[in-house]
Asks: 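This is the structure I want to talk about, given as structure tokens.
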There are 2 protein chains.
Amino acid sequence: MAMTTDSIFYQDMDGKPIESPNKIKIMDISIELFSRKGFTGVSIRDITKEVGIKESSLYNHFRSKEELLSTIFFNFRRSISRILPQEDHLGGMLQSVSPELFLKQSLAGLMKHIDDPVMAKVWRMMYLEQYRDRVVRDIYLNDIVGNMLKSLEKVFSIWIAAGRIQPADARILAAEYQYPLFAMIGVYVLLRVDGSSTWDIETGMREHVDYFVSKIIV
Amino acid sequence: MAMTTDSIFYQDMDGKPIESPNKIKIMDISIELFSRKGFTGVSIRDITKEVGIKESSLYNHFRSKEELLSTIFFNFRRSISRILPQEDHLGGMLQSVSPELFLKQSLAGLMKHIDDPVMAKVWRMMYLEQYRDRVVRDIYLNDIVGNMLKSLEKVFSIWIAAGRIQPADARILAAEYQYPLFAMIGVYVLLRVDGSSTWDIETGMREHVDYFVSKIIV
DNA sequence: AATGCTAACTAACGCCCGTTACCCTGTCAA
DNA sequence: TTGACAGGGTAACGGGCGTTAGTTAGCATT
């Protein structure tokens with residue numbers, strides 16, 4: 001099996017950067033395997049065989065299989081929080097670019113996150129473990145769906161107040177804009193499991209932004 | 001654990017109706033357990049203990065754990081195919097009701113399927129096993145996403161030709177209408193895992209239909 | 001030179017896994 | 001009355017599971 005060496009800046013759950021090469025390798029390979037077979041479908045032996053160490057050695061790095069999973073999602077959470085527009089910068093950014101450009105740049109930022117070879121797999125894990133694991137469910141519902149909708153609602157209400165788009169309920173606009181993208185991201189991530197072409201769904205995302213913008217501009 | 005006795009008309013994969021009470025019980029309980037812990041997270045012993053038979057007796061009904069899973073999705077597929085509007089009835093139905101009413105009725109039909117206590121769990125299983133199982137992936141991408149988009153595209157193009165809605169690309173309209181619903185259904189199904197309130201997301205679905213209709217009527 | 005720490009190792013624990021071979025009992029058609 | 005058969009049961013197979021105890025080699029600090 002191919003090995004991922006494109007490793008991200010992983011951190012331990014206490015905030016310390018993870019530097020030990022084998023510990024990084026454990027993370028990379030766990031993400032790869034969990035994303036394809038699910039947490040319960042992968043054994044410690046599967047992981048350590050791939051890493052090239054004995055199973056007992058894994059326990060020098062992680063207290064349990066659960067802690068390994070938590071560490072992966074801890075890093076995902078950190079990483080996701082960076083792609084949301086920060087409230088305090090919002091005012092300036094919104095004045096300098098058009099709504100259309102802003103939305104297209106946001107989409108590009110999101111796609112960049114999903115296209116990262118490691119993060120793509122963690123997105124897959126998130127969709128996969130949601131139903132089994134309450135923490136993962138919360139990450140999706142709060143950190144992703146909830147936060148994105150809230151921050152977009154803010155954006156739309158600013159535009160409405162400034163008369164840059166048609167008056168409407170900002171909360172509904174945020175939902176209309178974002179929910180299709182969530183569904184399309186799901187399909188996109190799914191297609192990539194088999195390495196199928198994602199051209200159609202990527203086009204769909206761009207068409208959605210265009211359609212949406214055409215309906216809200218003054 | 002609560003037992004589901006509200007069982008559907010199950011069929012074997014060769015089309016024969018499943019009538020043996022314990023075989024129905026195995027299906028119901030498997031669906032319950034698989035939907036909460038995933039296929040690999042549930043053992044034959046978990047299932048048979050709940051049914052009240054020995055594990056060897058399960059093999060009087062199913063050749064393997066895999067066949068049990070396949071039978072569940074075989075029945076899901078059958079059930080899903082019934083909620084899509086049939087092409088041949090389409091013409092008559094579209095003339096007699098307004099676009100708004102038609103869309104609201106379609107949504108109600110879909111929600112009824114998801115609200116069925118058994119089918120709700122299989123929807124959850126589908127989202128859960130998608131990444132592990134190619135067949136499930138195909139059910140979602142083709143039977144659900146693909147078919148619904150195709151049939152909606154047909155509907156919109158008929159309306160456009162009849163001048164009942166504003167001219168537009170029917171394919172894009174279908175996507176704009178349906179994708180948000182897919183995402184919202186995902187959230188809806190997820191919320192039901194914990195028994196959380198689904199009021200917000202159900203409202204969101206209705207608001208989406210209203211918003212969408214308001215943007216397409218002539 | 002001695003110390004402590006990191007991270008590898010061997011070996012094993014007790015338990016759970018899917019599945020099978022075989023047996024027993026009740027029902028119902030011939 | 002007999003015989004097939006559906007659907008229960010017992011017992012066990014070989015193997016995989018997560019995890020732990022104890023050991024050891026290499027390295028940096030004192």
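Chain A is the first sequence line, chain B the second, and so forth, proteins listed ahead of strands; every chain is numbered from 1.
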Asks: Please check if any side-chain donor atom of B:Thr203 sits under 3.5 Å from a side-chain acceptor atom of B:Asp200, or the reverse.
Replies: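 Note: B:Thr203 and B:Asp200 side chains miss the donor-acceptor criterion.
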
Asks: Taking CG from A:Leu58 and P from C:dT6, how many angstroms apart are they, rounded to a whole number?
Replies: 17 Å

Asks: Any salt bridge between A:Arg171 and A:Glu153, counting N to O under 4.0 Å?
Replies: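 No, no charged N to carboxylate O under 4.0 Å.
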
Asks: Please confirm whether the shortest side-chain N or O distance from A:His61 to OP1 or OP2 of C:dA8 is below 4.0 Å.
Replies: yes

Asks: Between C:dT6 atom P and A:Ile24 atom CD1, what is the distance in whole Å?
Replies: 17 Å

Asks: Nearest whole angstrom, please: distance from the C1' of C:dA8 to the CD1 of A:Ile26.
Replies: 11 Å

Asks: I'd like to know if A:Asn60 reaches the base of C:dA8 with its side chain such that a donor and an acceptor end up less than 3.5 angstrom apart.
Replies: yes

Asks: Is the NZ or CZ atom of B:Lys121 both under 6.0 Å from the centre of the six-membered ring of B:Phe76 and within 45° of that ring's axis?
Replies: no

Asks: With respect to the phosphate group of C:dA8, does any side-chain polar atom (N or O) of A:Asn22 fall under 4.0 Å of OP1 or OP2?
Replies: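 Yes, A:Asn22 has a side-chain N/O under 4.0 Å of OP1/OP2 on C:dA8.
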
Asks: Would you call B:Arg132-B:Glu129 a salt bridge at under 4.0 Å N-O?
Replies: yes

Asks: Under a 3.5 Å distance rule, please check whether A:Lys23 uses its side chain to pair with a backbone N or O of A:His61 as donor and acceptor.
Replies: yes

Asks: Using a cut-off of 4.0 Å between protein heavy atoms and nucleotide atoms, how would you tag nucleotides 18-24 of chain C 5' to 3' with B, S and -?
Replies: BBBB---

Asks: Could you go through the side-chain contact (heavy atoms from CB on, under 4.5 Å) check for A:Val118 and A:Tyr10 one step at a time?
Replies: CA-CA 11 Å; A:Val118 173; A:Tyr10 292 125; 3.6 Å; yes

Asks: Of the options C:dA8, D:dG8, D:dG9, whose atoms approach the side-chain atoms of A:Ser57 most closely?
Replies: C:dA8

